[in-house]
Amino acid sequence: MVKRLVVVGGDAAGGSAASQARKRDPGLDVVMFERGRATSYSACGIPYWIGGAVDSEAQLIARTPEQHRAAGIDVRMRTEVVGVDLDRRVVHWRELDGDGQGREPFDDLVLATGSVPMRPPVPGIDAEGVHGVQVLDDGVALREQLSREGVRRVVVVGGGYIGLEIAEACRVRGLDVTVVDLSATPIGTFDPDVGALIADAVRREGIRLVLSDPVTAIEVDRTGRARAVLTRSGLELPADVVVLGLGVRPDVRLAREAGVPLGTSGGIAVDARMRTEAEGVWAAGDCVESRHRLSGQRVVVALGTHANKQGRVAGINIGGGYATFPGVIGTAITKICSLEAARTGLSSEEAELAGYSFVTAAVESTTKAGYFPGAQPIRVKMIAERRSGRLLGAQVIGDAGSAKRIDALAICIWNEMTVDEVLSLDLSYAPPFSPVWDPVLIAARKAFEAVEEDIRGLL
Ligand SMILES: Cc1cc2nc3c(=O)[nH]c(=O)nc-3n(C[C@H](O)[C@H](O)[C@H](O)COP(=O)(O)OP(=O)(O)OC[C@H]3O[C@@H](n4cnc5c(N)ncnc54)[C@H](O)[C@@H]3O)c2cc1C
């Protein structure tokens, strides 16, 4: 008898799972439900499309529904799965552009529902003109709003990386932009000293940054449209458009209602093969939690890089192969105005919460040999375990050519290397690419000295 796989969500995780499963088992019936207007798109590219660096929405789509169909996947667009019945092994769906509704039986089910933007519980947060950005359709709606005549002022609530990327895109469009955040520095996943440099770069771009000031309400006009953002310190920030940049939470509604167990961090609990605890039910992407390889904790890290890999792993396993997702170490990269910023491993705060005792070291250097034309400033910070010197975390910030250096450090952390081992690495060198001591090696040297000094203090 032909087996049927039903996939809920047709972007990074769902699209990868469906494609892999079908490729591995060409006899498998695969039905993929997507409530939006696009499949396999790059949400990561939305800020660059809004800002004009990318010309068209079509460029953000890696695989259209037609391409998926050509590969043997029965794609149901603008169709939302509204419930999962694990006993009868069916999903219930409804069409969003018509009255159609029905049931689809499954042998295996993949939940790849992604995440939803966080909304602070303040009055006016659901008003018209308040935009979360998660799926491509959100990007389309926001871009339309920003293009409306008379739109001049944008307030971004929350200084996470998505909020800042959108803020920059709005600034590039010539709009007045304010970002408001309750923390003292933006992008809380970086240490505050790195966050302060990000704040400087944002301000240099002409974006107003209001920090340490929580939003208390969104004021709404008589038509029900957002008109200003109010803060605890008494600021009234006029807004034609409000964007939420507070991060996201996993969309686990279907899983929770169906009785698929969630994990300690609120994402769907999965094992390394992306199996949930419910028989024949798999999950992947932003909606699941992963194992952090350093802290040992279960964490929700909503990144496309994980969603694609996890979807692939689920698809291989469903298609009869064997694959595992080995966990995450918190590697992330972004471009904030003129600066590139990246991190891997644990931040100082995360290391403390995970119970590590550590030292930190930070160095300023240049992206190329100091004398070479175009050399730009770069700062590398390292967090190393006391005594053992194991590299626990790293953060890199600087001008063009800085941030991708994080990948070398991610490999070091993945392989549990000490800063002593890192500083001896055979890394490449020529003046157009780095100083003779690459900034990551200088940082490792300084971190090694900090570990040594700390040990001397213990003797
Ligand atoms: C502006 C922005 C910038 C980003 N930049 C980066 C970056 O630089 N690097 C990086 O690694 N990550 C980045 N991300 C994160 C990345 O886009 C996500 O981690 C990734 O898209 C998650 O993929 P997913 O398939 O798990 O979920 P999603 O992409 O959210 O896809 C889930 C899909 O499921 C559909 N769906 C949900 N529920 C149902 C239902 N009940 N029925 C039918 N369909 C349903 C949704 O419509 C959606 O299309 C960015 C995200 C945004 C929004």
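Any value given below was found using the heavy atoms of this structure, including those in side chains, with hydrogens, waters and symmetry copies removed. For ligands, and for the atoms within them, numbers begin at 1 and follow the listed sequence.
- Residue Glu66 places its CD atom among more than 12 non-hydrogen atoms of other residues, nucleotides or ligands, all under 6.0 Å distant.
- Looking at atom 19 (O) of ligand 1, its nearest protein heavy atom turns out to be Asp286 OD1, 2.7 Å.
- Distances from atom 38 (N) of ligand 1 to the heavy atoms of Arg35, Arg76, Glu34 put Arg35 nearest.
- Against a heavy-atom cut-off of under 4.0 Å, Phe33 is close to the following atoms of ligand 1: 43 (C), 44 (N).
- Of all protein heavy atoms, the one lying nearest to atom 53 (C) of ligand 1 is Val133 O, 3.4 Å.
- Of the polar atoms of Val81, at least one N or O is found under 3.5 Å from an N or O of ligand 1, judged by distance alone.
- Under the 4.5 Å side-chain criterion, counting only non-hydrogen atoms from C-beta, Ser428 is not in contact with Phe433.
- With a 4.0 Å heavy-atom cut-off, ligand 1 is reached by the side chain of Val135 but not by its N, CA, C or O.
- For ligand 1, one of its N or O atoms has an N or O atom of Gln134 under 3.5 Å away.
- No donor-acceptor contact under 3.5 angstrom links the side chains of Gln376 and Ser402, judged on distance only.
- Only the side chain of Leu254 comes within contact range of ligand 1, with a heavy atom under 4.0 Å; no backbone atom does.
- A donor-acceptor pair shorter than 3.5 Å can be found between the side chains of Gln310 and Ser290.
- Under 4.0 Å from ligand 1, heavy atoms of Ala12 appear from its side chain as well as its backbone.
- Look at Glu104 and Arg4 and you find a salt bridge, because one of the NZ, NE, NH1 or NH2 atoms lies within 4.0 Å of a carboxylate O, short of that distance.
- Within 6.0 Å of CZ in Arg119 there are more than 12 heavy atoms belonging to other residues, nucleotides or ligands.
- With ligand atoms numbered from 1 in the order given, ligand 1 contributes 11 (O) to contacts under 4.0 Å with heavy atoms of Thr305.
- Residue nearest to atom 9 (N) of ligand 1, selected from Ala43, Cys44, Pro47: Cys44 (by heavy-atom distance).
- Donor-acceptor pairing under 3.5 Å is recorded for the side chains of Ser115 and Gln134.
- At a 4.0 Å heavy-atom cut-off, ligand 1 does not touch Ala332 at all.
- Close approach of ligand 1 to Ala302 is summarised as follows: ligand atoms under 4.0 Å from at least one heavy atom of the residue are 15 (C), 19 (O).
- A donor atom on one side chain and an acceptor atom on the other are not found under 3.5 Å apart for Thr113 and Asp251.
- Proximity of Met417 to Leu391: side-chain heavy atoms (C-beta onward) are nowhere separated by under 4.5 Å.
- If you check the side chains of Glu34 and Thr39, you find no donor sitting under 3.5 Å from an acceptor.
- Crowding of Lys335 atom NZ: a count of heavy atoms from other residues, nucleotides or ligands under 6.0 Å exceeding 12.
- In this structure, Ile268 and Pro250 have side chains that are not in contact, with every pair of non-hydrogen atoms separated by 4.5 Å or more.
- No more than 12 heavy atoms of other residues, nucleotides or ligands sit less than 6.0 Å from atom CZ of Arg88.
- Residue Thr79 approaches ligand 1 through these ligand atoms, each under 4.0 Å from one of its heavy atoms: 43 (C).
- Contact annotation for Trp49 and ligand 1: no heavy atom of the residue comes within less than 4.0 Å of the ligand.
- Across all their heavy atoms, Arg379 and Ala362 have their closest contact at NH2-CB, 3.6 Å.
- Remark: ligand 1 and Asp251 share no N or O pair separated by less than 3.5 Å (distance only, no angle test).
- Of all atoms in ligand 1, numbered sequentially from 1 with element shown, those under 4.0 Å from a heavy atom of Gly285 are 26 (O).
- Comparing heavy-atom distances from atom 27 (O) of ligand 1 across Ala13, Gly114, Gly15 singles out Gly114 as nearest.
- Shown here is Gln59, whose CD atom has more than 12 heavy atoms of other residues, nucleotides or ligands within 6.0 Å.
- Counting heavy atoms from C-beta on, the side chains of Leu86 and Val260 come closer than 4.5 Å.
- Shortest contact from atom 52 (C) of ligand 1 to any protein heavy atom: Ile162 CD1, 3.4 Å.
- Contacts between Ala307 and ligand 1 below 4.0 angstrom, taking non-hydrogen atoms only, involve the side chain exclusively.
- Heavy atoms from both the backbone and the side chain of Thr113 come within less than 4.0 Å of ligand 1.
- Applying the 4.0 Å criterion to heavy atoms of Tyr161 picks out, from ligand 1, the atoms 4 (C), 5 (N), 6 (C), 12 (N), 13 (C), 14 (N), 15 (C), 50 (C).
- Annotation: Tyr41 places an N or O atom under 3.5 Å from an N or O atom of ligand 1; distance criterion only.
- Counting protein heavy atoms only, atom 31 (O) of ligand 1 is closest to Asp11 CB, 3.3 Å.
- When only non-hydrogen protein atoms are considered, atom 34 (O) of ligand 1 lies nearest to Gly9 CA, 3.1 Å.
- Salt bridge Glu57/Arg37: absent, no basic N to carboxylate O contact under 4.0 Å.
- Atoms of ligand 1 lying under 4.0 Å from at least one heavy atom of Ala112, given by number and element, are 32 (C), 33 (C), 34 (O).
- With a heavy-atom cut-off of 4.0 Å, Val8 touches ligand 1 through its side chain alone.
- Taking any N or O of Gly304, backbone or side chain, at least one lies under 3.5 Å from an N or O belonging to ligand 1.
- Looking at Trp93 against ligand 1, nothing comes within 4.0 Å, counting heavy atoms.
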